[in-house]
Amino acid sequence: MTFATRFAPSPTGPLHLGHAFSALLGHDMARAAEGRFLLRMEDTDLQRSKAEWDALILEDLAWLGLSWDGPVWRQSEHLRDYEPAIARLEEMDLLYPCSCSRSDIQAAQTAPQEGVRHDVYPGTCRHRDMASRHPGDALRLHLDRTLAWFDGALPAFEETGERWAGTHRVEPDFALARIGDVVVSRKGEEIVAYFLASALDDVTQGITDVVRGEDLFHFTPIQVLLLRLLDKPLPRYHHHRLIRDDEGKRLAKRDDARALSLYREQGRTAQDIRAMVGL
Ligand code: GLU
């Protein structure tokens with residue numbers, strides 16, 4: 001299959017140097033392979049996603065000299081498309097309803113999670129069944145049951161990024177301890193959450209190679225489990241180094257000082273940005 005990758009920002013803030021690196025790298029890989037480079041807005045968080053950020057992202061990417069193939073894919077325009085997958089996981093008895101708030105989860109946590117960008121769910125609602133679902137509940141993946149479903153034959157995935165290049169099998173201990181029961185459908189609405197939406201869209205968009213930052217490597221096993229549960233093909237994964245700030249921390253959306261738009265206003269060029277990220 002011809003190489004196809006995507007850049008998949010969430011329009012919840014400005015792009016910074018780290019995003020630029022990711023987009024440029026994916027784009028360059030696609031062009032070198034005479035493949036496709038697609039753009040996907042991961043805007044299922046309808047409260048935090050804003051049209052202004054979406055527009056600024058398009059401007060920044062064009063300024064960087066990037067062109068993408070086909071129209072921009074916006075997850076918010078496809079919300080119904082994820083429902084069969086959620087229904088399938090429910091049929092397999094792998095989901096449970098959860099009414100915990102973010103602060104409930106933090107209060108139940110015993111130790112802070114180093115390096116993983118999300119809170120591992122302590123399992124407060126894990127005993128509940130779907131019949132007890134209230135309209136305001138989220139749906140979580142029951143990871144224990146999911147792993148049992150594979151009956152010892154946990155799937156493997158291919159990684160081509162430098163740091164972890166090779167074949168990786170999903171490890172139960174790692175998945176349970178570091179990832180936990182992720183949300184697949186969000187509170188209050190029949191809205192798909194990141195893990196499932198992003199993995200399914202990679203399949204729908206025909207992505208052969210997911211190119212993204214190495215902070216997301218640890219989430220890959222969950223996406224691999226979800227895709228295999230749903231009988232979908234797996235892409236290859238390529239997790240690249242992160243662009244860090246002067247203190248060595250990963251850049252986040254809130255680091256507005258490194259927003260691409262500011263470099264743009266200061267008169268820097270796309271070539272300067274390439275040099276700054278080491279391309
Ligand atoms: N939307 C995610 C983010 O902005 C990226 C998801 C991905 O590349 O898989 O962090």
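Counting convention: from 1, in listed order, for ligands and their atoms alike.
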message: Below 3.5 Å, N or O to N or O, backbone or side chain included: is there any such pair between Ala8 and ligand 1?
response: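 Such a contact does occur with ligand 1.
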task: For ligand 1, find out whether one of its N or O atoms is nearer than 3.5 Å to an N or O atom of Gln223.
output: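 Looking only at distances, the answer is no, because the N/O contact criterion of under 3.5 Å is not met.
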Which of the atoms in ligand 1, numbered in the order shown and given with their element, are less than 4.0 Å from a heavy-atom of [X]?
X: Glu42; value: 1 (N), 2 (C), 5 (C), 6 (C)
X: Arg212; value: 7 (C), 8 (O), 9 (O)
X: Ser10; value: 1 (N), 2 (C), 3 (C), 4 (O)

query: How far does NE2 of His16 sit from CD1 of Ile273, to the nearest 0.5 angstrom?
result: 12.5 Å
message: How long is the straight-line distance from CZ of Arg212 back to CZ of Phe219, given to the nearest 0.5 Å?
response: 9.0 Å
field: Sidechain-backbone polar pair: Lys232 side chain, Leu229 backbone, donor-acceptor under 3.5 Å
entry: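 Side chain of Lys232 to backbone of Leu229: no pair is present.
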message: For the backbone of Ala4 and the side chain of Thr208, can you confirm whether one donor and one acceptor N or O come within less than 3.5 Å of each other?
response: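 Judged by distance alone, yes, a pair lies under 3.5 Å.
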query: Does Arg6 come within less than 4.0 Å of ligand 1, judged by its heavy atoms?
result: yes
message: Yes or no: does Tyr194 have any heavy atom under 4.0 Å from an atom of ligand 1?
response: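 The answer is yes, since Tyr194 has a heavy atom less than 4.0 Å from ligand 1.
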Would you give me the side-chain donor-acceptor pairs under 3.5 Å for residues 32-40, sequence neighbours excluded?
from	atom 1	to	atom 2	distance (Å)
Arg40	NE	Glu42	OE2	3.0
Arg40	NH1	Asp202	OD1	2.9
Arg40	NH1	Gln205	OE1	2.8
Arg40	NH2	Glu42	OE2	3.0
Arg40	NH2	Ser198	O	3.3
Arg40	NH2	Ser198	OG	3.2
Arg40	NH2	Asp202	OD1	3.0

field: Proximity of Ser198 to ligand 1 by residue part, where a heavy atom lies under 4.0 Å
entry: side chain
message: With a heavy-atom distance limit of 4.0 Å, tell me whether Leu216 approaches ligand 1 through its side chain, its backbone, both, or neither.
response: side chain
- request: Find out whether the Lys NZ or Arg CZ of Arg31 is both under 6.0 angstrom from the six-membered ring centre of Phe3 and within 45° of the ring's axis.
  value: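 No cation-pi geometry.
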- prompt: Can you pull the ring-ring contact (aromatic ring centres under 6.0 Å, His included) pairs that have at least one residue in residues 139-162, sequence neighbours excluded?
  reply: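 Listed by first then second residue: Tyr96-His142, Phe157-His168, Phe157-Tyr237.
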